[in-house]
Number of protein chains: 2
Amino acid sequence: MAAQPDAEPRPRVPLTKQRVLRTAVRIADARGITAVTMRNLAQELEVEAMSLYHHVPGKDQLLDGMAEAVVTEINTAVGLDATPPADPPPPADGWKAVVRGRILAAREVMLNHPWAPGVVGSRSTMTPAAMRYFDALTGQLLSGGLSPDLVHHGLHALGSRALGFTLELFQAADGGAPDPDAAEMMQQLAQQFPNVVAVLSAASHDGETTLGWCDDQAEFEFGLDLVLDGLERLAAR
Amino acid sequence: MAAQPDAEPRPRVPLTKQRVLRTAVRIADARGITAVTMRNLAQELEVEAMSLYHHVPGKDQLLDGMAEAVVTEINTAVGLDATPPADPPPPADGWKAVVRGRILAAREVMLNHPWAPGVVGSRSTMTPAAMRYFDALTGQLLSGGLSPDLVHHGLHALGSRALGFTLELFQAADGGAPDPDAAEMMQQLAQQFPNVVAVLSAASHDGETTLGWCDDQAEFEFGLDLVLDGLERLAAR
DNA sequence: ACCTGAACACCGTTCAAGT
DNA sequence: ACCTGAACACCGTTCAAGT
């Protein structure tokens, strides 16, 4: 084997906006959104930081692009990109089931990109992909017989839930050590916040001593259904 | 008048955590959360940046403190700090009206601190003030006759709305110039996103040609009522 | 004890220069 | 045209030193 003292010259994949965005998403997935810096991103692409500016105007537009990428992923997952068959089969279930399925599919994509809700939520402008998503959702609601006004209010009521996420106000404090004397802490908590403790301990039927565990998916669906049912009830009047 | 070449020695107000937090909130109110840097904050307090670390462990805890300050403001606005009269008058209206009023009061505080929803939402741990707020809210729901399970789900469904805000997914693109040929743009938009345009133009009854205007307050209340009504319906079963 | 100055390890971004 | 190196104006934070 011939000695190659130099670092082997790589095939030299050209830098493109696509590649920059995809790499940024990969970094965020693996190491969190704070690891997405122009310098880290450049390093991952084996390039100098300043080269990025030839494909992306700046950090802010990079984040725009990342949000757009995720929503685009949702659109494909939801079948929005597939050209519908000439004879689109009428939805087997009512509009509620269709919308529900669509939103839960969006949620599944979001769960693979935990940073995405924060980034999508912080973008100030409605991106094209988001527009297409909301336009399709709107169409689904309209063809379900809801009045334009009701659809309008309903979309507001759904809020970020429409895209499959709710920015959780507080995640549970991690706790670290599995508190040795949970019972004592519990009593203290119960004294300070009797109502919260009552509710949470009622929720854990199976004799758990630790508080604060919730089934995120179930809670998400409960809230979603509450809103959808409310819309349905209003539409029927 | 005696000449005083030196900058007049100020009374030298001592630095305290209180003063640091209050100043941070004031800066955020006036110039946005991005203006809250340790260096800016120090300058406003006429002190060196490093002095802050004697009263606050770091930037992150500073933000914690700011969130706590706002939620505390909510608690007082809502009457949570006032010791209730020995003979607390039974709420004139049902639990829904009480909860509704409480949440709208929280919202009013949040509207005075536009940065607060983002900061409160980004804090990972439930602060004492938030705990007190949610505990009181929980108590209100429980005493309204809702089962612990329903209260639990309901709080999740309310989400950030419980504290008076929903992180708006997208704010309207500001637009800058009041587009000269709105009608033409509109047609183009209508072609790309027919459903969204249909809904939005139906919402503006008064012949507005510009899209995208919504009454935030009304939308907030609609979503809130949708959830509250849904809970009430479930409680009645 | 509280506050300071200088320094460190990061940021995003500009600019002139290379090919 | 695309990429680079050095530099600028910021960050949050550490550390040794002052009073």
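The basis for the numbers below is simple: all heavy atoms, side chains too, and nothing from hydrogens, waters or symmetry mates. Here is the naming used below: chain letters follow the sequence lines, and residue numbers restart at 1 for every chain.
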Check the distance between C/dT14's P and A/Glu48's CD and give it to me in whole angstrom. 17 Å
May I ask you to check whether A/Glu221 and A/Gln217 show a side-chain donor-acceptor distance below 3.5 Å? yes
Do A/Glu68 and A/Thr127 have side-chain N/O donor and acceptor atoms under 3.5 Å apart? yes
For B/Asp60, salt bridge (charged side-chain N to carboxylate O under 4.0 Å, His left out) partners two or more places apart: B/Arg123
With the side chain counted from C-beta on, respond yes when B/Thr34 and B/Trp115 share a heavy-atom pair under 4.5 Å apart, and no when they do not. no
In whole angstroms, how far is the P atom of C/dG5 from the CG atom of B/Leu52? 14 Å
Rounded to the Å, how far apart are B/Glu46 CD and C/dC3 C1'? 15 Å
Give the intermediate values and the outcome of side chain to side chain contact (heavy atoms under 4.5 Å, CB included) for residues B/Asn195 and A/Gln140. CA-CA 9 Å; B/Asn195 301 305; A/Gln140 212 60 251; over 6 Å; no
Mind running a 4.0 Å heavy-atom check of residues 53-61 of chain B against DNA chain D and sending the residues that fall below it, in number order? B/Tyr53, B/Gly58, B/Lys59
Would you check if the side chain of B/Arg161 reaches a backbone N or O of B/Ile103 as a donor-acceptor pair within less than 3.5 Å? no
Between P of C/dT13 and CE of A/Met50, the distance in whole Å: 10 Å
Taking only Watson-Crick and G-U wobble pairs with both distances under 3.5 Å, what dot-bracket line describes DNA chain D, where [ ] shows pairs that cross earlier ones and | shows pairs with another strand? .|.|||||...|||||.||
Greater than 12 external heavy atoms within 6.0 Å of B/Glu108's CD: no
Tell me whether the count of non-hydrogen atoms from other residues, nucleotides or ligands lying under 6.0 Å of CD in B/Gln43 goes above 12. no
First of A/Ala49 and A/Arg39 reached from the 5' end of DNA chain D, by closest nucleotide: A/Ala49
CE of A/Met38 versus C1' of D/dC10: gap in Å, rounded? 16 Å
Calculate the interatomic distance between A/Lys17 atom NZ and D/dA1 atom P; express it in whole Å. 18 Å
Quick check: does any side chain N or O of A/Asn40 sit under 3.5 Å from a backbone N or O of A/Ala35, one acting as donor and the other as acceptor? yes
How many Å lie between CD on B/Gln43 and P on C/dC3, as a whole number? 17 Å
Integer-rounded Å distance: C/dG12 P and A/Ile33 CD1: 11 Å
D/dC11 phosphate, OP1 or OP2: any side-chain N/O from B/Thr37 under 4.0 angstrom? yes
